[in-house]
Amino acid sequence: MGRLSVIIPSFNEEDNIENTASVVGSVLKEAGIDYDLLFVSDGSTDNTFSIVENLSKEDNRIQGIQFSRNFGKEAAIFAGLEYADGDCVAVMDCDLQHPARVLVDMYHLWEEGYEVVEGIKSKRGKENPIYRLFTKIFYGIMSSLMKLDMNATSDFKLLDRKVVEAMLELPERNTFFRALSFWAGFKSTSVSFDVEERKAGKSKWSFSGLVKYAVSNTTSFTTAPLKFVFALGMLLMVFSVILGIETLVNYFLGVAADGFTTVILLLLIVGGCIMISLGIIGHYIARIYEEVKGRPRYIVSKTTKE
Ligand code: UDP
Ligand code: MG
């Protein structure tokens, strides 16, 4: 029997906080689980944090942190891991897309001795087709690299204190929580859940935000794109050798190599490949630059705990 801390990253979720706190609270109370809720307001500009403050005055199991600005969900999760002090820690969304009753199953699995309990989406909620295609490509790449089905993974998980400590030991600033729990190892299992509809408010993701998220996660987690650059170079080499042989054969056959269009096309293709490759390498240099600067992952401006 241990205490469960639930971390809830919230960015401009004023319409959700009260409902989420009461739904999660009552589900856990009913199951007889000792818990506390930690809302991490990720630089919300609405009343999110003041609502949390009011709730925490009435119920000391509810606590909150406010960031000085929006640092992103990843930072909010890690701030939560740092502040939460339960024997096990769960992360869930503020919009109740992650059903609260699954927390109970996760908790029981933890009691049985599992140190990581992954929430796996059995059915994705309503998503627009572009988003779906995009996540498919992104997770396709990640899955093949990690040899597990990332498409169904989520940030909804429960971690034992040991695992939380291990994650907090990681020195890097650009993290990818969803994959790190797999990377960390430990005795793990999963529960599947149906993604529910968002309770109130709008999704915080824009398309450009998603692209940024995917790029930053890929480059902070793997060096596979650099291998792609190498493979591209090899491919062009092979191509040029074939083209060279063909030209030579033509020369001996007495056929004049006609070639202005070919030259321009080749220039464009090679130029494009070089630019893409430089861009990919540039992303990694940017990552190194960010890590080397060593800026904090987030800045806390207010907390409900003194
Ligand atoms: N979130 C956050 N910071 C952000 C964006 C989102 O803390 O910059 C939180 C948000 O409040 C919610 C969770 O992350 O609790 C998931 O966000 P959302 O529901 O907008 O994403 P979706 O479910 O559409 O993927
Ligand atoms: Mg959501």
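Counting starts at 1 for both ligands and their atoms, following the listed order.
- Of all atoms in ligand 1, listed by their number and element, those nearer than 4.0 Å to a heavy atom of D95 are 19 (O), 23 (O).
- Among all non-hydrogen protein atoms, the one lying nearest atom 24 (O) of ligand 1 is S203 OG, 2.6 Å.
- From the protein, the heavy atom lying nearest to atom 4 (C) of ligand 1 is D42 OD2, 3.4 Å.
- For Q63 (side chain) and N60 (main-chain N/O), a donor-acceptor pair under 3.5 Å exists by modelled atom type.
- Closest to atom 14 (O) of ligand 1 among all protein heavy atoms lies K73 CD, 3.3 Å.
- In this structure a side-chain-to-backbone donor-acceptor pair under 3.5 Å is missing from S192 to S122.
- No donor-acceptor contact under 3.5 angstrom links the side chains of E13 and T48, judged on distance only.
- At under 3.5 Å, not a single nitrogen or oxygen of A76, backbone or side chain, sits near a nitrogen or oxygen of ligand 1.
- H98 and F156 have parallel rings, their planes meeting at less than 30° on a 0 to 90° scale where 60° marks the start of perpendicular.
- With a 4.0 Å cut-off on non-hydrogen atoms, N12 does not touch ligand 1 at all.
- Across all non-hydrogen atoms, the minimal contact from E118 to K157 is OE1-NZ, 2.5 Å.
- Close approach to E13 involves these atoms of ligand 1, each under 4.0 Å from a residue heavy atom: 10 (C), 11 (O), 12 (C), 15 (O).
- Side chain of R173 to main chain of E290: no donor-acceptor pair is present (N/O by atom type, distance under 3.5 Å, no hydrogens or angles).
- Formation of a donor-acceptor pair under 3.5 Å by the S41 side chain with backbone atoms of F39 is not found in this model.
- The atom name of the N/O/S atom in D95 closest to the Mg ion (ligand 2) is OD2.
- Taking a cut-off of under 4.0 Å to the non-hydrogen atoms of Q97, the atoms of ligand 1 that pass are 19 (O), 22 (P), 23 (O).
- Regarding atom 16 (C) of ligand 1, its nearest protein heavy-atom neighbour is D93 OD2, 3.3 Å.
- Taking a cut-off of under 4.0 Å to the non-hydrogen atoms of P9, the atoms of ligand 1 that pass are 7 (O), 9 (C), 10 (C), 11 (O), 12 (C), 15 (O).
- Under the 30°/60° scheme for interplanar angles, the aromatic rings of Y107 and W110 are found to be tilted.
- When only non-hydrogen protein atoms are considered, atom 1 (N) of ligand 1 lies nearest to F11 CB, 3.8 Å.
- Scanning the protein heavy atoms around atom 20 (O) of ligand 1, the nearest turns out to be K204 N, 2.5 Å.
- For the pair Q66 (side chain) and K302 (backbone), a donor-acceptor distance under 3.5 Å is absent.
- Scanning the protein for heavy atoms near atom 18 (P) of ligand 1, the closest one is R198 NH2, 3.4 Å.
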